[in-house]
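For reference, the structure discussed in these notes is given below.
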Amino acid sequence: MPFVNVKLVDGVFTPEEKHALAKALTDVMVKFKGSEAFREVVWVLIEELHTDGWHIGGRPFEGPKSLMTTLSKSKDVVDMIDGTPTTRKEWAAAAPVLG
């Protein structure tokens, strides 16, 4: 029996959206198994976690503001990388440590 566990920030999705998400995930599992009979054994658990439990980049989650901060820091890092590293050692040498 497949078990799909989805964790979301509390209050982001409506009950209807969560039901649609569970149905879509079930549809995907049925498609990959190749049998409609499989539908009845797919379990989907959607857990909503309070925003106090979420952190991005080691900082507390603050909604869209946190996402924009993270994306801008990611872009800053990408812009600072020298060359095109492909190994862990090359990444360590090429990627700066941001404070």
Side-chain angles (χ1 to χ4, degrees):
M1 151 185 83
F3 177 75
V4 181
N5 188 344
V6 179
K7 296 180 189 292
L8 303 171
V9 174
D10 187 30
V12 173
F13 292 92
T14 66
E16 294 77 19
E17 290 170 327
K18 290 183 280 186
H19 296 318
L21 176 60
K23 181 183 181 319
L25 290 169
T26 300
D27 292 344
V28 167
M29 297 300 288
V30 169
K31 176 183 175 186
F32 276 88
K33 185 62 177 172
S35 170
E36 187 61 34
F38 193 64
R39 182 174 306 279
E40 299 307 315
V41 296
V42 176
W43 290 37
V44 178
L45 172 63
I46 298 175
E47 295 180 276
E48 291 185 292
L49 304 175
H50 191 274
T51 55
D52 288 350
W54 291 86
H55 295 77
I56 298 176
R59 293 173 302 281
F61 178 73
E62 298 174 309
K65 178 183 172 189
S66 291
L67 298 175
M68 290 305 294
T69 300
T70 298
L71 291 174
S72 68
K73 285 185 180 283
S74 296
K75 183 181 182 321
D76 292 344
V77 170
V78 169
D79 289 345
M80 287 188 247
I81 291 174
D82 185 27
T84 54
T86 58
T87 67
R88 183 179 296 210
K89 186 175 181 179
E90 289 172 352
W91 271 104
V97 176
L98 297 179

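Remember, it's a predicted structure, so these values are computed and weren't measured experimentally.
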Are any non-hydrogen side-chain atoms of Glu47 and Leu8 less than 4.5 angstrom apart?
no
Below 4.5 Å, heavy atoms only, C-beta onward: do Pro60 and Asp52 meet side chain to side chain?
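No, every pair of side-chain atoms sits at 4.5 Å or beyond.
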Applying a strict under-4.5 Å side-chain criterion to I, L, V, M, F, W and Y, I'd like to know whether Leu49 and Phe13 cluster together.
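The answer is yes; both residues are in one hydrophobic cluster.
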Under 4.5 Å between side-chain heavy atoms, hopping through other hydrophobics if needed: is there a path connecting Ile46 to Leu25?
yes
Around atom CZ of Phe32, are there more than 12 heavy atoms from other residues, nucleotides or ligands closer than 6.0 Å?
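Counting other residues, nucleotides and ligands, CZ of Phe32 stays at 12 neighbours or fewer.
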For [X] and [Y], work out which heavy atoms get closest and say how close.
| X | Y | result |
| --- | --- | --- |
| Pro2 | Val41 | CD-O, 3.5 Å |
| Val12 | Glu48 | N-OE2, 4.5 Å |
| Trp54 | Lys7 | CH2-O, 3.9 Å |
| Arg39 | Asp27 | NH1-OD1, 2.7 Å |

From CD (Glu17) to OG1 (Thr14), nearest 0.5 Å:
3.5 Å
So if I apply the side chain to side chain contact (heavy atoms under 4.5 Å, CB included) rule between Leu21 and each of Val6, Val4, Val44, which one comes out positive?
Val6
Residue among Lys31, Met1, Lys33 satisfying side chain to side chain contact (heavy atoms under 4.5 Å, CB included) with Phe38
Lys33
